[in-house]
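These notes concern the structure reproduced below.
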Amino acid sequence: MSTSSATVPLRIDVGGMSCTSCAARIEKKLNRLEGVEATVNYATERATVRTTGDVDPAVLVATIEKTGYSARVQEPDRPQHGTDDGADHGGLHGLASMRRRLIVSALLALPIVPISMVPALQFDYWQWVVLALATPVVLWGAYPFHWSAALNARHGTATMDTLVSVGVGAAYLWSLYALVIGDAGMVGMTMEWQWFASGGGAHEIYLEVAAAVTVFVLAGHYLEANAKRRSSAALRALMELQPDSDLQPGDEFTVRPGERVATDGVVIDGTSSVDESMLTGESVPVDKTVGDEVTGATVNVGGRLVVRATAVGADTRLAQMARLVEEAQEGKAEVQRLADRVSAWFVPVVIGLSLLTFAGWILLSGDVTRAFVAAVAVLIIACPCALGLATPTALMVGTGRGAQLGILIKGPQVLESTRRTDTVVLDKTGTVTTGRMDVVRVDPAPGVETDELQRLAASVEAASEHPVARAIAGLAEPEHVADFANHAGHGVSGTVDGRQVRAGRPSWIGAEAQVPDVVGTTIAVEADGRFLGTITVADTVKPSSREAIAALRGLGLEPVLLTGDARRVAEAVAAEVGIEHVEAEVTPDDKLETVRRLQAEGRVVAMVGDGVNDAAALAAADLGIAMGTGTDVAIAASDLTLVEGDLATAVTAVRLSRATLRTIRRNLFWAFAYNVAAIPLAMAGLLNPMIAGLAMAFSSVFVVGSSLRLRSFGRNAAP
């Protein structure tokens, strides 16, 4: 079935997925239905379904639920942002449920580990106290892993959850066997130190292994789930900009100074300036008069406007932008965690080796206890304690250090993106430039003192709220202005020290010939009909931008300047900071299209922006980087947030992300190396389960120590 022949996509929120294999399983089930073409995104927890013919949405929901997950059809024609209340999806993998499991399990496991590992702490019947503490951790805390493992087994697959469930279950069941049937439950019991597996294994318990693995892996899953929840905030923040209204197309409404425009429309009365920065990213308000179009959620900063509504609800430009962000998020490539990738083959191999060990020892020695001990040792040495720690510990330390440096990293998928990125697309206003208007040039007319020009201009502009006026008002201490008037679309006037002063467009003053050849907005000033000179304001380049862009090049990223501003302005900024590739006068849709075009050319694209107009491009980019000084929508749609709003911090963010990714990979390598090297020893009966547990614990210590090295990461660290 071709996509072109399909109807408008139906979106279904899916709950209970624990890994990308869950998404693949649901997708496979849905695509088996006649007339259905489905994609399931684990990151957004959403199925996007296109259908031909008469396919009942209830059938789609039932199919997902039969596969073992919860499902809810989204309302049509309304951008959604998934669940964000931490509710339990299927009662298993919700954020609130996972947080409770993690906290309770950690509190219960806290005394288990020292009591089990330090003989001096082992009082009479300590083993039964440890059993009482460990049982709820294994049965309730690790229940999501057991449930997922059972579901995977039913479908003939294995994931990280399978390995966790098998390892935790083996350690717990052996301990239970040793306590109830063996001699481990006797008073005065202490675990003996033995290098080799032997028939005396029933004297030993491994409850600390079961409890610690559960807590560590729960922590990793919680971090991942929390990152996914935050990623859905982009659409919510975008839609919250839309003022509540019951308007219909054709209705007329009034917009007073300082108010948001209620919905898209056309001006039928009045003149004013409207701040459209949330759409265009440009800081200079746009003059509006009768016949001009206005967009919902933009802010009226000047006079009173009467507007006739032309679009409401899902048809507004803001809603269309929300759909762009949603579609861009759904189209993001899924980045599977490295441990899950390997576990696809590692888990069944380990289980197979454990069974082979058990059978081999039965055949060779006939000693069932010794065979079981060796088999358990194989499972425990392969138990993913270090694997469970490899990603979350590096991520916690890396993100913590990032926060100290003003960098917020949303999740592990961000790290992979920074490594592969080769192109960085930079929004101009608020990213490369300051995003505010500053005076860049003062040109007094012949015979006019600069102080006089600045004093009179500052005085008359001080009464205006226009960004250009505010920049000029800072040139001098304003004097009292009488008879002030705001001439919409032209400028301002008033009486200063008995002189009639006007400041505004050169064409209004009649001074077009006096405009200097410079990039920026030029204001002409006159007093009592005499031309006093011009003042030019512009959005100035941030001091750190040029050096930051050079550093990005040093990291292997090719910069592209992307802006809705005029080409002349954009090229001047690009030349100042050292960017060769410039795309100017683009709309938010054009920004998204530019990112997708670069990706189609085979580039891996990072996008740096700060406005609502950047949100869709930030979401579509392989790596979205938002300035913390920008809008909530841009921040929510991004993967990285730079709190200080300094482009130089983007360089540090890329370096830190790459360093964290290297740490994760190193952790995973050594975690697997310890396991793989020790598995043959365990199979040969040269390791009893306790030694296997200690080896596993040592690998965990190594992983944690490796991750803690990130605390010393500095801004000038190597890429």
Side-chain angles (χ1 to χ4, degrees), residues 256-259 271-277 280-288 298-304 429-430 433-445 448-512 514-516 518-543 565 569 629 645:
R256 297 175 179 82
E259 292 182 343
T271 57
S272 184
S273 295
V274 176
D275 181 359
E276 295 185 338
S277 59
T280 65
E282 303 311 314
S283 55
V284 180
V286 179
D287 294 330
K288 300 290 183 180
T298 56
V299 179
N300 179 16
V301 298
R304 174 180 175 275
T429 306
T433 64
T434 62
R436 66 176 184 272
M437 307 303 289
D438 292 307
V439 175
V440 296
R441 180 164 174 167
V442 178
D443 294 289
V448 177
E449 295 291 333
T450 300
D451 289 346
E452 179 186 11
L453 171 61
Q454 293 183 162
R455 178 176 60 84
L456 294 176
S459 298
V460 76
E461 293 282 19
S464 173
E465 293 299 321
H466 196 285
V468 171
R470 289 198 294 269
I472 295 175
L475 286 174
E477 186 68 29
E479 297 184 8
H480 175 71
V481 179
D483 303 323
F484 174 82
N486 186 358
H487 306 273
H490 299 291
V492 295
S493 64
T495 303
V496 181
D497 196 20
R499 304 174 68 181
Q500 297 295 320
V501 179
R502 291 198 304 164
R505 295 180 181 273
S507 58
W508 185 50
I509 303 297
E512 297 93 331
Q514 310 301 324
V515 177
V518 62
V519 174
T521 300
T522 299
I523 298 298
V525 184
E526 71 167 21
D528 294 332
R530 179 192 177 194
F531 175 67
L532 299 181
T534 61
I535 299 174
T536 303
V537 300
D539 182 11
T540 56
V541 171
K542 293 180 179 179
D565 212 341
V569 175
T629 52

Flag the pair [X] / [Y] as yes when at least one side-chain heavy-atom distance between them is below 4.5 Å, and no otherwise.
X: Thr534; Y: Arg441; answer: no
X: Val525; Y: Leu453; answer: yes
X: Val440; Y: Thr540; answer: yes
X: Glu461; Y: Val492; answer: yes
X: His487; Y: Ser493; answer: yes
X: Glu449; Y: Pro444; answer: no

Of all the heavy-atom pairs spanning [X] and [Y], show the shortest one and how long it is.
X: Gly435; Y: Thr429; result: CA-CG2, 3.7 Å
X: Ala445; Y: Phe531; result: CB-O, 3.6 Å
X: Pro516; Y: Asp443; result: CG-OD2, 3.7 Å
X: Pro478; Y: Ala458; result: CB-O, 4.1 Å
X: Ala471; Y: Val439; result: O-CG2, 3.7 Å

Please lay out, stage by stage, how Val301 and His466 fare under the test side chain to side chain contact (heavy atoms under 4.5 Å, CB included). CA-CA 7 Å; Val301 298; His466 196 285; 5.6 Å; no
Tell me, which pairs form a salt bridge (charged side-chain N to carboxylate O under 4.0 Å, His left out) where one or both residues lie in residues 472-492, sequence neighbours left out? Arg455-Glu479
[X] side chain to [Y] main-chain N or O, any donor-acceptor pair under 3.5 Å?
X: Ser272; Y: Gly302; value: yes
X: Asn300; Y: Gly303; value: yes
X: Glu259; Y: Arg256; value: yes

With rounding to the nearest 0.5 angstrom, report the [atom1] to [atom2] distance, [X] to [Y].
X: Arg502; Y: Asp528; atom1: CZ; atom2: CG; value: 11.5 Å
X: Thr271; Y: Lys288; atom1: OG1; atom2: NZ; value: 13.0 Å
X: Leu475; Y: Asp451; atom1: CG; atom2: CG; value: 10.5 Å
X: His490; Y: Ile509; atom1: NE2; atom2: CD1; value: 11.0 Å
X: Ile472; Y: Ser459; atom1: CD1; atom2: OG; value: 12.0 Å
X: Asp287; Y: Arg505; atom1: CG; atom2: CZ; value: 5.0 Å

Polar contact flag, side-chain donor to acceptor under 3.5 angstrom, [X]-[Y]:
X: Thr434; Y: Asp539; result: yes
X: Thr536; Y: Thr522; result: yes
X: Ser507; Y: Glu512; result: no

Do Arg499 and Glu526 sit within salt-bridge range, that is, some charged N less than 4.0 Å from a carboxylate O?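 Result for this pair is no, no salt bridge flagged.
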Does Asp438 come within less than 4.0 Å of Arg470, counting only side-chain N to carboxylate O? no
Does a sphere of radius 6.0 Å around NE2 in His480 hold more than 12 heavy atoms from other residues, nucleotides or ligands, not counting ones at 6.0 Å or beyond?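 Atom NE2 in His480 is not packed in, count stays at 12 or less.
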